[in-house]
Structure formats: C-alpha cells, structure tokens
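Okay, structure first, notes after.
Since this is a predicted model, take the numbers as computed values, not measurements. In listed order, ligands and their atoms are each counted from 1. Numbering starts at 1 and runs along the sequence shown.
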Amino acid sequence: MFLTILAAKAESAGREVIAVDPRNTSRQCPECGHTAKENRPTQEEFHCVSCGHTAHADTVGATNVLRAGLVRRDVAPA
Ligand SMILES: [Zn+2]
C-alpha cells in the first residue's frame with residue numbers, strides 16, 4: 001500500500017521508484033564492500049573495520065540503497 005502511493009506520487013513528480021532489499025545497507029562499506037556489524041560502533045557512526053573508511057551511518061545507508069537501486073534498474077530496465 002505504501003509503495004503503491006509512493007510510486008504514484010513519484011510518477012506525478014517525474015521520478016522513479018525502485019524497491020531494494022535493505023539487508024546490510026547500513027553495515028556494508030561503500031568503499032571496499034566489507035560487511036560487518038562491527039562497522040557500526042554507534043547508531044550514527046560508520047567505521048569500516050577492514051579499510052578504515054569513516055562516514056555518517058545515514059550517508060553510508062543512503063549510498064548503499066542508491067547503488068542497489070541502480071544495479072536493479074540496469075538488470076531489469078523499466
Ligand atoms: Zn571498507
């Protein structure tokens with residue numbers, strides 16, 4: 001239901017909605033791909049235990065969701 005409303009709103013605004021699997025989007029390093037819950041020492045902080053990349057956790061999550069959506073769009077064009 002939420003996705004139906006969201007898709008209609010997006011279409012009327014000329015935007016595209018792609019649903020993605022949210023698993024690990026907040027735990028995967030956008031730099032090296034290392035995925036571990038230890039990459040999230042706090043709710044706000046992302047610190048990759050493999051390559052040392054640091055960022056705000058919300059930025060990392062948004063980057064990973066965007067990347068996952070772009071991958072899905074390339075695989076199955078609308
Ligand atoms: Zn990393």
Scan the side chains in residues 46-57 for donor-acceptor partners under 3.5 Å anywhere in the protein, sequence neighbours excluded, and list what turns up.
residue : atom : partner : partner atom : Å
H56     : ND1  : D58     : N            : 3.0

Residue pairs involving residues 24-38 (criterion salt bridge (Lys or Arg N to Asp or Glu O under 4.0 Å); sequence neighbours excluded): none
For the student: nearest non-hydrogen atoms of N39 and C29, plus distance: ND2-N, 4.2 Å
Qualifying residue for side-chain contact (heavy atoms from CB on, under 4.5 Å) with V65, from I18, T25, L70, D21: T25
Protein N/O/S neighbour count - the Zn ion (ligand 1), strictly under 2.8 Å: 4
Test item: R73 side-chain N/O and E16 main-chain N/O as donor-acceptor pair under 3.5 Å: no
Residues clustering with L3 (ILVMFWY side chains joined when closer than 4.5 Å, directly or via others): F2, L6, V17
